[in-house]
Amino acid sequence: FCRLHDVNLILESGVYRGFSTEVWSLFAKDVVAIDLFPAAEIFEAAKQRLNHRTNVRLIQGNGKVLLPQVLDAAGPDRRAAVFIDGPKGELAIRLASTLRKHPQVAFVAMHDMAPYRSALKEEFGAYFFSDE
């Protein structure tokens with residue numbers, strides 16, 4: 001999807017140990033990954049995993065607050081994909097609704113959303129579940 005939509009910036013909310021962040025770094029010029037990292041050892045594990053990825057910026061904080069700020073600072077020439085792996089559920093749907101209004105956002109993807117099928121169809125009209 002990133003190549004299809006000419007994405008050059010990937011934003012991720014919910015990093016955990018950085019496994020998916022490392023994958024995203026292969027598909028875009030820049031990746032900004034944000035997580036609350038409530039446990040210091042999880043943050044350290046993510047930093048260690050990603051320290052060789054020069055196109056990744058890892059930020060400790062609230063994605064709901066920081067993602068819109070990152071988009072605003074990125075400038076109009078950026079084309080972004082957003083991957084939400086935290087928060088979950090209705091909070092993820094609300095965050096996705098907010099972020100997809102930004103003109104730079106090509107698409108928003110959310111992880112672990114199968115229980116919210118009806119809400120997703122109502123809010124977005126179309127969706128794809130990778131576990132089906």
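Atom set for the values below is all heavy atoms of this structure, side chains included, hydrogens, waters and symmetry mates excluded.
- Closest approach of Ile42 to Tyr16, counting heavy atoms only: CG2-O, 3.4 Å.
- Not a single donor-acceptor pair under 3.5 Å links the side chain of Asp30 to the backbone N or O of Leu9.
- For Pro103 against Arg79, the heavy-atom pair with the smallest separation is O-NH1, 3.8 Å.
- Taking 4.5 Å as the limit, some side-chain heavy atom of Lys47 sits within range of a side-chain heavy atom of Glu44.
- Panel note: side chain Arg78, backbone Asn8; a donor-acceptor pair is recorded below 3.5 Å.
- Annotation: the span from Asp35 atom CG to Asn62 atom CG amounts to 10.0 Å, rounded to 0.5 Å.
- Asp85 places no side-chain N or O within donor-acceptor distance of the main-chain N or O of Glu12, the cut-off being under 3.5 Å.
- The shortest non-hydrogen separation linking Ala46 to Gly18 is CB-N, 4.2 Å.
- Smallest separation of non-hydrogen atoms from Gln60 and Leu66: O-CD1, 4.5 Å.
- Residues Arg3 and Asp6 are not paired through a salt bridge, judged by the lack of any N-O separation under 4.0 Å between the basic side chain and the carboxylate.
- Nearest heavy-atom pair, Val7 versus Ala81, reported as atom, atom and distance to 0.1 Å: CG1-N, 3.7 Å.
- The side-chain heavy atoms of His102 and Asp72, taken from C-beta on, include a pair separated by under 4.5 Å.
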Exercise for review: Test side-chain contact (heavy atoms from CB on, under 4.5 Å) on Glu22 and Leu50 and set out the steps.
Suggested key: CA-CA 6 Å; Glu22 189 170 31; Leu50 299 167; 4.0 Å; yes

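- Taking the side chain as every heavy atom from C-beta outward, His111 and Lys88 approach each other to under 4.5 Å.
- Ring geometry for Phe107 against His5 counts as tilted: the plane angle lies between 30° and 60°, on a 0 to 90° scale.
- Of the inter-residue distances, the one linking Ile84 atom CD1 with Ser13 atom OG reads 6.5 Å to the nearest 0.5 angstrom.
- With hydrogens and angles ignored, the 3.5 Å screen pairs a side-chain donor or acceptor of Gln104 with a backbone N or O of Leu71.
- Taking 4.5 Å as the limit, every side-chain heavy atom of Val31 sits out of range of all side-chain heavy atoms of Phe27.
- Looking at Leu58 and Phe43, their side chains come closer than 4.5 Å, going by heavy atoms from C-beta outward.
- The two residues Ala45 and Arg17 have their closest heavy-atom pair at CB-NH1, 3.2 Å.
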